[in-house]
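Just below is one structure, and these are the notes that go with it.
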Amino acid sequence: MSSAMPMGRIRIVASAMFMSAVLLPAGAFISAAAFAQGDLAQIRIGYVRQLAARPPNLSNLIEPPEDEGFAGGRLSVRDNNTTGRFLSQSFTLEELDVAVGEDALPGFIRMVDAGTNFFVLDVPADVLLEMSDAVRGKNIVIFNVSATDDRLRDEDCRQNIMHIVPSRSMYSDALAQFLVWKKWRNWLLVTGPEERDKLFADAVRKSARKFGAKVVDERNWDFGADARRTAQAEVPAFTQGVDYDMLIVADEFGVFGEYLMFRTWDPRPVAGTQGLNPSTWHLTHEQWGSAQLQSRFVKTNKRRMTALDYQAWAAIRAIGEAATRTSSADFGEMEAYLQNPEFELAGFKGLPLTFRDWNWQLRQPILLVQPAALVSVSPQPGFLHQRSVLDTMGLDKKESNCTLN
Amino acid sequence: MIRLCVSAILAVSCLAAAVMPAQAYKVFVTNEKDNTVSVIDSDTLEVEKTFDVGQRPRGITVTKDGKFLLICASDDDTVQVFDIKTHKLVKTLPSGPDPELFILHPSGNPLYIANEDDNLVTVVDLEANRVLAEIPVGVEPEGMAISPDGKVLVNTSETTNMAHFIDTASHEIIANVLVDSRPRYAEFTADGSQLWVSSEIGGTVAVIDPATREIVKTFTFEVPGVTQEALQPVGIRITKDGSTAFVALGPSNRVAVIDARSLELKKYLLVGQRVWQLAFTPDEKYLFSTNGVSNDISVIDVAKLKVIKSIRTGRFPWGVVVVPE
């Protein structure tokens, strides 16, 4: 696949030397040897990416940008360095892109041994846990920017993993609140063949119970992948014989979900992994100052910012915030600040973003988007919580079996 | 001068006006999503005209001679200069990209502009129409204030979360004060003894001693029945005598009133939705608040601390300035 790069390709990005750097083109890659350390306090961040193995690729589909995630991380390092200039702090980013099927652990351990304390990991859940356990007890904080698995916020949580990306249940709760508010409460759930599709379908069923909606019927998609020429014939029959308001689709790889819209037997809207989609970011999001981050990103990268770019940006901004607020590059002080209830991050969502102290999940409003417009932002009005309205989405304290230690 | 007096309060002012000509003012409001400015008469409290300006108008101020309006046309990447009487575009200033807020030197020149996209404060000579300097500051510069003696410029950066103190002679940063998340606005007291900085996402207002650059007081806000997250301070205005400060509290739809001497919260005034910027009439009889979501401005009677009227404007009123007629 196009985004798989040669294993072990490492780049080091940005340094305090470029502080006058408002004028410097972004993504100026230089070798580590070029750093003049001076009396700047160094904060080293490692970024490891390994994409999940996907089903056979289809031709002509919209591919994510090759530098997805990395580009958000680089912009965030630049933002941190602009601030770091006033505190004699310098942030560096080391990127490692691991091909599907390769072992990501050795490269990660090399970076740990070289003295990197903070990591942004864009890897599947099993790889994430393997990395976390390999450095247990060491001075490491890991930011998970892509694994949405609820088990990582539940029985498989780890003290050294902080989750920037929302869980599947946060996404499905965000969607469910909106549909309940719209009074579109009867859902037809269509689930794909992948394990991750089943996990999203589980989250949807739980959200329905939580907010008083109903999954009136379920169908499993087993027509194979490339349905472009057959969908018009197949989907009407597939969606017949059920009375529902909204079709909810669970197709995380985007293999068939796009082909359901406009082809159902009854005229019904589609939501879930396609159609109306819960996300952390969208190219049309402009509220709460986000237009500024959008234009900064577009100017630097000549493309739009994606949700994964935003998640990487937020992870590295959290590290920057810890360094700024403690005025320190000391790991212990920064870790303590990140895990202090006082920690908050301004993330262009209108509310401060904070971490849940029972599983280190970042609390955040969730955007509900369709391809060319933002539709709504959850939590929806009227969904209240004794602690924070943001805790109406995802595993609440009493629901989570996470023990952090 | 013939006027229709529609309310008891106005009747009093009309009567007074008949006896002794009171100062009348014009209120100019930028409408961010209409690309217009609404002109309001401070006596009638009615919109008397709306005129077209550049794209996404936000910050607005008036030149020292009172002849020209300066408007940040953010999406046009310029500051536009309008004749205050004819409302005609006179010229555009080289502002740098995405200007949002600015402040004039007390002498009337130069103009200091926050350029959000480029992490710069641009210094523009109004007469020569050229850029004098570009000062690198933190990420997303926004709030701008200048000490009454004109020696110290303060800029707040929304993502760096600092108030940067800048020497106006050397254009160098001389100090940085860390404040709470997303500092939006800065304002000196008239005697220069305090600097007030609002932090929108942090939900606080810091009062800084400009001499020591220490935070002497941090205000948090609390309104029964309003979620803590909605109490997001933005615009600040302080009376010339230094007795009372007003803080616009964003989506809580409130303006906080603070005793600026004892530094104690006095009360909250209910205004329109998503209140951002504030401006006094020069006689400080009225304070106007721009309410972005309800598309209006609220008129606050400063002596009585009461909201007396809402005036419909264009869409998303953002900035406001009041000038003598």
Side-chain angles (χ1 to χ4, degrees), chain A residues 18-24 75-89 286-300 313-314 317 320-321 323-327 342-354 363 365 379 381 384-385 387-390, chain B residues 32-33 56 58 74-75 77 96-98 100 114-122 134-142 155 157-165 173-184 199-204 227-232 234 250-251 274 292-293 316:
Chain A
F18 289 110
M19 271 328 138
S20 44
V22 268
L23 303 171
L24 194 89
L75 180 62
S76 196
V77 166
R78 206 158 57 119
D79 284 355
N80 285 352
N81 274 330
T82 302
T83 301
R85 181 163 52 120
F86 305 113
L87 297 164
S88 299
Q89 293 174 339
E286 49 81 41
Q287 222 186 327
W288 303 304
S290 58
Q292 290 154 211
L293 180 59
Q294 300 270 29
S295 69
R296 212 154 68 236
F297 187 92
V298 170
K299 208 180 271 184
T300 312
W313 179 88
R317 269 299 300 134
E321 192 66 10
T324 307
R325 295 286 168 193
T326 58
S327 195
E342 298 293 304
F343 176 89
E344 57 182 47
L345 187 66
F348 305 98
K349 301 287 173 69
L351 300 177
L353 312 183
T354 57
R363 290 184 182 96
L384 302 178
H385 192 281
R387 196 179 305 107
S388 157
V389 289
L390 298 176
Chain B
E32 184 186 359
K33 303 225 167 173
R56 204 174 175 211
R58 291 193 280 178
S74 299
D75 281 0
D77 297 333
D98 198 21
E100 179 163 355
N115 296 120
E116 285 205 305
D117 272 4
D118 276 6
N119 307 336
L120 291 175
V121 167
T122 303
E134 289 183 337
I135 307 165
V137 291
V139 183
E140 292 176 39
E142 168 140 342
N155 160 253
S157 48
E158 291 177 318
T159 290
T160 291
N161 301 322
M162 288 180 183
H164 307 288
F165 286 67
I173 292 180
I174 47 178
N176 301 291
V177 177
L178 190 61
V179 293
D180 286 328
S181 290
R182 219 169 164 73
R184 288 291 303 268
S199 291
E200 183 183 24
I201 292 293
T204 60
T227 61
Q228 208 56 39
E229 290 93 345
L231 293 156
Q232 300 185 338
V234 183
R274 199 228 63 187
V293 172
F316 279 74

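All of these numbers come straight from a predicted model, not from anything done at the bench. Because only heavy atoms are used, hydrogens play no part in the values below, and waters and symmetry mates are left out as well, while side chains stay in. Below, chains carry the letters A, B, ... as their sequence lines are ordered, and counting in each starts from 1.
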ask   = Salt bridge between B:Asp118 and A:Lys299, side-chain N to carboxylate O under 4.0 Å?
value = yes

query = Going by an N to O cut-off under 4.0 Å, is there a salt bridge joining B:Lys33 and A:Glu286?
reply = yes

inquiry  = Run the side chain to side chain contact (heavy atoms under 4.5 Å, CB included) test on B:Asp180 and A:Glu344 for me, step by step, so that the C-alpha distance in whole Å, both residues' side-chain angles and the decisive distance to 0.1 Å come before the verdict.
reply    = CA-CA 9 Å; B:Asp180 286 328; A:Glu344 57 182 47; 5.7 Å; no

ask   = Can you check whether A:Gly350's main-chain N or O pairs, donor with acceptor, with B:Gln232's side chain at less than 3.5 Å?
value =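 Side chain of B:Gln232 to backbone of A:Gly350: a pair is present.
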
message = When you measure from the side chain of A:Arg85 to the backbone of B:Val137, do you find a donor-acceptor pair of N or O atoms at a distance under 3.5 Å?
response = yes

Identify the heavy atoms of [X] and [Y] that sit nearest to each other, and give their distance.
{"X": "B:Arg56", "Y": "A:Ala291", "answer": "NH1-CB, 4.5 Å"}
{"X": "B:Ser181", "Y": "A:Arg325", "answer": "N-NH2, 3.7 Å"}
{"X": "A:Leu351", "Y": "B:Glu229", "answer": "CD2-CB, 3.0 Å"}
{"X": "A:Thr324", "Y": "B:Thr160", "answer": "CG2-O, 4.4 Å"}

inquiry  = Working to the nearest 0.5 angstrom, can you tell me the gap between B:Leu178 CG and A:Phe86 CZ?
reply    = 11.5 Å

inquiry  = Can you list everything that forms a side chain to side chain donor-acceptor pair (under 3.5 Å) with B:Asp77? Sequence neighbours excluded, please.
reply    = none

inquiry  = Working note: A:Phe348 + B:Glu158, criterion side chain to side chain contact (heavy atoms under 4.5 Å, CB included); need CA distance, chi angles, decisive distance, verdict.
reply    = CA-CA 11 Å; A:Phe348 305 98; B:Glu158 291 177 318; over 6 Å; no

message = So which residue, B:Glu100, B:Gln228, B:Glu142, B:His164, ends up with the most heavy-atom pairs under 4.5 Å with chain A?
response = B:His164

query = What part of A:Leu87 lies closer than 4.5 angstrom to a heavy atom of chain B: side chain, backbone, both or neither?
reply =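 For A:Leu87, the contact with chain B is made by the side chain alone.
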
Side chain, backbone, both or neither of A:Arg317 within contact of chain B (heavy atoms, under 4.5 Å) = side chain

message = Side chains of B:Thr159 and A:Asp79 only: does a donor on one sit below 3.5 Å from an acceptor on the other?
response = no

inquiry  = Under a 4.5 Å cutoff for heavy-atom pairs, which residue among A:Ser295, A:Gly347, A:Gly320, A:Ser388 has the most contacts with chain B?
reply    =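 Top option by heavy-atom pairs under 4.5 Å: A:Ser295.
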
